[in-house]
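Down below is the structure, laid out as structure tokens.
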Amino acid sequence: MRSIAIKAPAKINLHLKVFRPCRPDGFHEVRTILQAIALADVVEVTLAREAGLGLTCTDPAVPTDDSNLAIRAAVQFVQAVGYPAIGIGIHIRKGIPMAAGLGGGSADAAATLVGLRTLLAPEMADGQLESIGADLGSDVPFFIRGGTQVGLGRGDMLAPARQPLSERPVVIVKPAGGCSTREVYSRYDRGIGGGDDAPALDDALEALSAGRLEDAVGNDLRPAAIAIVAEVGDAIAALRDCGLSPVEMSGSGSACFGFANSEEQAVAAARALSERFPFARACMTWASGCEVLRE
Ligand code: ATP
């Protein structure tokens with residue numbers, strides 16, 4: 001039985017501009033800057049002799065049936081490489097909070113693809129792995145690349161940022177309420193937010209290149225998310241009160257992030273925020289994507 005463990009990092013959207021109305025295919029056109037962070041799940045993939053697919057997870061709230069994106073990733077991979085009678089076991093050690101806009105499910109899917117490629121098809125290029133991933137979710141290709149990427153289309157057409165963000169300490173806070181991505185976009189479509197909440201992508205990229213992170217950060221979906229989970233506004237205010245800057249919501253929420261000037265400041269802020277919020281963690285930004293931990 002061959003086994004592999006993959007680190008599946010979370011992401012934050014430094015910048016997210018969303019165009020309405022949604023496209024005829026039901027997706028919204030977005031302009032985004034995605035940043036990987038060291039907060040992560042660990043996905044263990046084991047090959048078994050008997051055919052079949054099974055998944056276990058340390059978090060009982062995560063579905064273990066074929067709605068789990070890691071299972072769907074394994075099915076797609078096996079179809080792409082043509083190993084119909086293989087046995088695959090997946091175990092997810094969950095570190096990324098769910099329904100947070102941190103892309104946890106997509107990260108697990110990407111980690112599963114990276115693990116299966118290492119075990120079964122090491123010659124497969126990143127491009128092919130990314131196209132298998134794109135069918136599973138808009139963020140999956142990002143987690144194969146990681147670092148700092150610009151996302152166009154529905155967020156899956158990637159290009160590396162001209163100037164990746166240098167390693168920075170960041171604090172992630174998630175309020176008790178989670179945000180359903182579908183519900184946030186639906187409120188947004190009904191006209192909540194989106195004016196100047198995020199700058200134009202070109203301005204954001206120029207600011208990022210010049211090291212003015214505060215002028216790059218913004219999220220059009222924040223007002224719609226706050227209309228659903230009011231504590232998102234509290235989380236943003238609390239991160240600011242800790243002296244963190246810039247501060248913003250990630251993706252469709254409800255997690256928010258704030259940048260610190262030092263690891264000490266990040267750790268102290270996370271400790272203070274954990275008294276008010278169920279999840280508050282200090283971590284560093286992460287310069288790559290899913291990574292093999294051990295074979
Ligand atoms: P996104 O920002 O990509 O829309 P998210 O980060 O807000 O997603 P996830 O943690 O990916 O949220 O979970 C969203 C839903 O996906 C969950 O409610 C869960 O039912 C489902 N899901 C499927 N696979 C997974 C997985 N491996 N881990 C967590 N949730 C998963």
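Nothing fancy with the numbering, it's 1 onward along the sequence. Both ligands and their constituent atoms are indexed starting at 1 by order of listing.
Residue Gly101 has at least one N or O atom closer than 3.5 Å to an N or O atom of ligand 1. Considering backbone and side-chain atoms alike, Cys179 places every N or O at 3.5 Å or more from each N or O of ligand 1. Residue Ser252 has no N or O atom closer than 3.5 Å to an N or O atom of ligand 1. Distances between N or O atoms of Leu69 and those of ligand 1 include at least one value under 3.5 Å. At least one N/O-N/O distance between Thr181 and ligand 1 falls below 3.5 Å. The shortest N or O to N or O distance between Met98 and ligand 1 is not under 3.5 Å. For Gly103, a nitrogen or oxygen atom sits less than 3.5 Å from a nitrogen or oxygen atom of ligand 1, counting backbone and side chain alike. Among the atoms of Ala70, none of the N or O lies under 3.5 angstrom from an N or O of ligand 1.
The Pro63 neighbourhood of ligand 1 comprises atoms 19 (C), 20 (O), with distances under 4.0 Å to a heavy atom of that residue. Of all atoms in ligand 1, listed by their number and element, those nearer than 4.0 Å to a heavy atom of Asp139 are 3 (O). Of all the atoms in ligand 1, the ones that sit under 4.0 Å from a non-hydrogen atom of Ala99 are 7 (O), 9 (P), 10 (O), 12 (O), 13 (O). The Lys94 neighbourhood of ligand 1 comprises atoms 28 (N), 29 (C), with distances under 4.0 Å to a heavy atom of that residue. Atom numbering of ligand 1 starts at 1 in the shown order; those under 4.0 Å from a heavy atom of Ser67 are 23 (C). For ligand 1 and Asp108, the ligand atoms under 4.0 Å from any heavy atom of the residue are 26 (C), 27 (N), 28 (N).
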Please tabulate, for the side chains in residues 133-144, all donor-acceptor contacts under 3.5 angstrom to protein atoms that are two or more places apart in sequence or on a different chain.
| from | atom 1 | to | atom 2 | distance (Å) |
| --- | --- | --- | --- | --- |
| Ser138 | OG | Arg154 | O | 3.3 |
| Ser138 | OG | Arg154 | NH1 | 3.0 |

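A heavy-atom separation below 4.0 Å is not found between Gly251 and ligand 1.
For atom 19 (C) of ligand 1, the nearest protein heavy atom lies closer than 4.0 Å. For atom 4 (O) of ligand 1, a protein non-hydrogen atom is found at a distance below 4.0 Å.
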Run the side chain to side chain donor-acceptor pair (under 3.5 Å) test on Ser186 and Arg190 for me, step by step, so that the C-alpha distance in whole Å, both residues' side-chain angles and the decisive distance to 0.1 Å come before the verdict. CA-CA 6 Å; Ser186 145; Arg190 281 182 267 144; 3.0 Å; yes
Steps toward side chain to side chain donor-acceptor pair (under 3.5 Å) verdict (Thr285, Glu167): CA-CA 5 Å; Thr285 55; Glu167 197 181 33; 5.8 Å; no
Let's go through Glu231 and Arg276 carefully: what are the C-alpha distance in whole Å and the side-chain angles of both, what is the deciding distance for salt bridge (charged side-chain N to carboxylate O under 4.0 Å, His left out) to 0.1 Å, and is it a yes or a no? CA-CA 11 Å; Glu231 305 148 279; Arg276 278 187 60 193; over 6 Å; no
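Distance CG/Asn68 to CD1/Ile90: 7.5 Å, rounded to 0.5 Å. Rounding to the nearest 0.5 Å gives a distance of 7.0 Å between SG of Cys256 and CE of Met249.
In this structure, Lys11 fails the cation-pi test against Trp286, since its NZ or CZ atom is not both closer than 6.0 Å to the six-membered ring centre and inside 45 degrees of the ring normal. Cation-pi geometry between Arg20 and Tyr188 is met: under 6.0 angstrom from the ring centre, within 45 degrees of the axis.
Of the candidates Leu239, Leu102, Leu273, Leu102 is the only one forming a side-chain contact (heavy atoms from CB on, under 4.5 Å) with Ile172. A side chain to side chain donor-acceptor pair (under 3.5 Å) with Asp41 is found for one member of Lys94, Arg93, Lys7 and no other, namely Lys94.
Contact annotation for Ser138 and ligand 1: no heavy atom of the residue comes within less than 4.0 Å of the ligand.
Enclosure of atom CD in Glu263 is not indicated, since only 12 or fewer non-hydrogen atoms of other residues, nucleotides or ligands lie within 6.0 angstrom. A 6.0 Å sphere centred on CD of Gln265 holds more than 12 heavy atoms belonging to other residues, nucleotides or ligands.
Of all protein heavy atoms, the one lying nearest to atom 11 (O) of ligand 1 is Gly105 N, 2.8 Å.
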